[in-house]
Number of protein chains: 2
Amino acid sequence: MDHKDSRAPTIIDVARQAGVSPMTVSRVINGKQAVRPATREAVQAAIDALGYAPSAAARALAGGEEIRICLLFSNPSTSFLSELLMGSLEQASHHNVMLAVEKLAEPLSVEAVLAHLKHARINGIILPPPLCDSPEMLAALRDAGIRAVTLAASHRPDHFSSINMDDRLAAREMTRHLVALGHRRIGFVKGNPAYNSGQRRFEGYVAALADAGLPLDETLIAQGLFNYRSGLDAAEHLLDLPEPPTAIFACNDDMAAAAVAIAHGRGLDVPGDLTVCGFDDTPLATTIWPELTTVHQPISDMARAAVDLLVRDLRGQRDDAADEPSHVLLDFKLVRRQSDAAPRRRPRGRPKA
Amino acid sequence: MDHKDSRAPTIIDVARQAGVSPMTVSRVINGKQAVRPATREAVQAAIDALGYAPSAAARALAGGEEIRICLLFSNPSTSFLSELLMGSLEQASHHNVMLAVEKLAEPLSVEAVLAHLKHARINGIILPPPLCDSPEMLAALRDAGIRAVTLAASHRPDHFSSINMDDRLAAREMTRHLVALGHRRIGFVKGNPAYNSGQRRFEGYVAALADAGLPLDETLIAQGLFNYRSGLDAAEHLLDLPEPPTAIFACNDDMAAAAVAIAHGRGLDVPGDLTVCGFDDTPLATTIWPELTTVHQPISDMARAAVDLLVRDLRGQRDDAADEPSHVLLDFKLVRRQSDAAPRRRPRGRPKA
DNA sequence: AGCCGTCATGTTAGCGAAAACATCGCGCCT
DNA sequence: AGGCGCGATGTTTTCGCTAACATGACGGCT
């Protein structure tokens with residue numbers, strides 16, 4: 001298609017084609033300043049005709065500051081990670097910033113990390129759990145003058161922006177959904193107390209019960225650790241109760257999957273004899289059978305938002321020093337699949353042999 | 001630490017500090033041509049002292065060609081994807097090439113993709129499954145003159161380089177391991193026939209049986225589809241046999257997990273009463289209980305190798321047109337966890353009630 | 001002894017885009 | 001009516017680095 005087989009068209013080629021100066025083309029590309037509509041259209045036509053796309057490298061070079069941000073993670077589940085990566089990569093290329101991805105070695109030495117970040121000229125960092133909940137990490141970052149935004153952190157950080165999902169509300173809606181289905185005895189499997197999100201999910205459960213005027217039965221609450229193994233124990237305990245729940249709401253999908261396994265082990269049909277719901281919408285939720293009804297956390301959206309915020313903060317540094325961190329709360333979605341149903345008419349009846 | 005609070009040090013600062021010209025610094029950085037050891041050390045010292053790191057943007061700009069490669073995926077599991085991303089991102093930044101990550105919309109229109117790639121000035125593509133197994137995709141890419149390397153493809157592509165793992169050998173070793181444990185009746189759950197890797201894993205199983213002089217019992221072979229649900233059916237079928245296997249080797253972890261679930265549902269202990277092994281080492285393998293003995297596919301290494309190959313091909317284009325595609329086979333690793341054990345002394349004995 | 005190749009290093013000229021500054025034309029205000 | 005201001009566009013310079021070429025010193029060869 002090209003006149004010459006040689007190189008990709010540059011902004012100068014476009015300018016020539018459109019009969020304007022390169023600067024005008026640049027303005028059109030960046031949508032800046034005033035350009036007459038007629039001129040804009042001409043330039044756009046030239047761009048389309050030549051199949052021009054700006055060189056990211058040249059842009060970064062000329063644009064003054066070269067922004068490099070880093071997604072620093074230590075130990076999230078891979079599904080969480082890949083969502084995170086997808087979202088942040090996309091948005092990073094969108095803003096034309098470099099995105100490094102860094103895995104923190106296990107004995108996490110804050111100084112070592114900082115030294116590395118300094119060395120790699122990282123301007124800003126995205127911190128997913130569990131790093132975002134480490135006060136020393138946060139403090140060290142602040143002292144080093146590196147911008148950060150926490151993602152799904154337990155606590156709202158003091159000096160940084162944050163992106164979160166409303167765990168409490170999500171759990172409340174899920175519980176409300178269970179109540180609407182007709183369940184009255186709803187078991188809850190708590191998460192690892194070290195993670196605050198588990199706590200907030202529990203609060204949502206409690207609140208929804210109160211909303212519905214249902215009593216909070218302590219015996220229906222089992223402690224879990226967020227992992228499958230603990231979910232096994234918790235479900236075992238719940239189903240051993242003299243009057244077992246008709247539904248189990250677990251704090252994450254792994255534990256919910258464990259509850260399904262235990263139920264099947266006892267010959268219970270899910271959801272016929274027992275409704276099981278999870279939280280997070282990890283791939284596990286759709287690999288097991290029946291597929292789990294769960295809460296979908298918009299991880300890639302959160303990552304996108306985090307990049308946006310970080311870039312805004314970073315670019316803003318030059319403009320003004322207003323620097324107020326923002327805190328955004330993203331929408332979750334309750335996704336209904338096949339593990340929930342109304343309780344059997346006579347909850348205490350035996351499943352058919 | 002910096003003299004001025006202003007900007008990051010440039011190659012010129014380093015040159016001044018070391019008392020040489022910028023070009024010499026550039027040569028040291030790129031490890032090119034002959035630089036006297038003494039000079040090299042001086043420059044290195046200056047680099048360290050200033051904490052200098054080269055600007056990727058400037059490098060790409062000056063370096064002539066700006067290489068952009070793309071990881072094009074359609075539908076892999078997220079764990080596979082995140083490994084892929086980690087490896088390729090790391091290596092891409094290592095080579096200072098841009099890495100775009102592109103998800104293909106479901107109704108995969110090859111032309112649309114090509115148009116997009118052209119537009120985004122992508123020079124080379126990494127193709128994981130299932131895209132790498134689409135002949136039309138491969139043909140279209142070749143016709144468009146875009147370089148590609150397939151990753152874990154079923155067939156060795158004609159015109160592109162490829163990265164693979166030896167599925168056949170891995171399955172053979174796993175089976176051999178099971179035999180060494182004392183198992184004689186080893187069930188096999190095949191994968192979706194559409195994927196060739198499943199076929200090659202099956203071949204490995206057959207070969208290992210032959211190695212051990214064990215008969216190939218057709219009744220012990222169940223067809224699966226690579227998903228959990230199909231694993232449930234396959235395991236059910238296998239355990240319903242008048243003389244059930246003492247071990248089940250599933251073609252992937254999802255189906256192995258299903259087999260564990262079925263075993264538990266029947267009151268069978270894993271691995272006491274039944275050994276279950278998987279393949280792939282997905283996160284699922286370590287979330288369920290007991291954790292699965294499986295084959296670890298070095299996905300991130302494969303991604304790294306893919307990037308290396310692609311960059312070499314792309315840069316080589318300028319140098320010479322030798323252009324012979326290479327095909328590399330990476331090592332797998334058999335990872336033993338808690339789902340395998342020697343069979344019970346009397347295999348036909350009932351599990352204790 | 002003089003010439004030339006070769007190694008080690010310096011100099012110049014961009015790469016493609018955007019910032020900063022310059023220009024030009026036009027309508028509006030006093 | 002003259003100047004002022006501003007909107008639309010052009011020119012120049014700059015970003016950090018490397019390719020290509022230039023230089024200079026040194027040693028082996030005839």
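Below, chains carry the letters A, B, ... as their sequence lines are ordered, and counting in each starts from 1.
In this view, B:R16 and B:D13 satisfy the salt bridge (Lys or Arg N to Asp or Glu O under 4.0 Å) rule, not counting sequence neighbours. Taking the side-chain contact (heavy atoms from CB on, under 4.5 Å) definition, one finds that B:A139 meets it with nothing, sequence neighbours left out. Not counting sequence neighbours, the partners of A:N30 by the side-chain contact (heavy atoms from CB on, under 4.5 Å) test are A:S26, A:K32, A:R59. Residues passing the side chain to side chain donor-acceptor pair (under 3.5 Å) test with B:R142 are B:H159, sequence neighbours excluded. Evaluation of the side-chain contact (heavy atoms from CB on, under 4.5 Å) rule for B:R304 yields B:E90, B:Q91, B:S300, B:D301 as partners, not counting sequence neighbours. Partners of A:Q297 under the side chain to side chain donor-acceptor pair (under 3.5 Å) rule, at least two apart in sequence or in another chain, do not exist in this structure. Every residue was checked against the side chain to side chain donor-acceptor pair (under 3.5 Å) condition with B:T150, not counting sequence neighbours, and none meets it. With sequence neighbours excluded, the residues forming a side-chain contact (heavy atoms from CB on, under 4.5 Å) with B:A58 are A:L61, B:S55, listed by chain and number.
Listed by first and then second residue, the salt bridge (charged side-chain N to carboxylate O under 4.0 Å, His left out) pairs involving residues 124-137 of chain A amount to none (not counting sequence neighbours).
Going from atom CD of B:E41 over to atom P of C:dT9 covers 12 Å, rounded to whole Å. Look at CG on A:L61: it is 5 Å from C1' on D:dG16, rounded to the nearest Å. Taking atom CE on A:M98 and atom P on D:dC15, their separation rounds to 21 Å, with Å as the unit. Atom P of nucleotide D:dC15 and atom CD1 of B:I11 are separated by 14 Å, given to the nearest angstrom. Remark: C1' of C:dG16 and CG of A:L50 are 15 Å apart, rounded to the nearest angstrom. The nearest whole Å value for the distance from the CD1 atom in A:I12 to the P atom in C:dG14 is 12 Å.
A:I146 and A:N123 get closest at one heavy-atom pair: CG2-O, 3.7 Å.
Within residues 52-59 of chain B, the residues approaching DNA chain D are B:Y52, B:P54, B:S55, B:A58, B:R59, by heavy-atom distance under 4.0 Å.
The neighbour count for A:H327 NE2, taken as heavy atoms of other residues, nucleotides or ligands under 6.0 Å away, is above 12.
Phosphate proximity of C:dT9 to B:T39: present, with a side-chain N or O under 4.0 Å from OP1 or OP2. Look at A:R36 and you won't find any side-chain N or O under 4.0 angstrom from OP1 or OP2 of D:dG7.
In the helix from C:dA1-D:dT30 to C:dT30-D:dA1, the rotation axis of the first five pairs and that of the last five pairs differ in direction by 50°, rounded to 10 degrees.
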Could you pull out the protein-nucleic contacts involving nucleotides 10-12 of chain D (nitrogen or oxygen on both sides, under 3.5 Å)?
residue : atom : partner : partner atom : Å
D:dG10  : OP2  : A:S21   : N            : 2.8
D:dG10  : OP2  : A:S21   : OG           : 2.9
D:dG10  : OP2  : A:T24   : OG1          : 2.7
D:dG10  : N7   : A:R27   : NH2          : 3.0

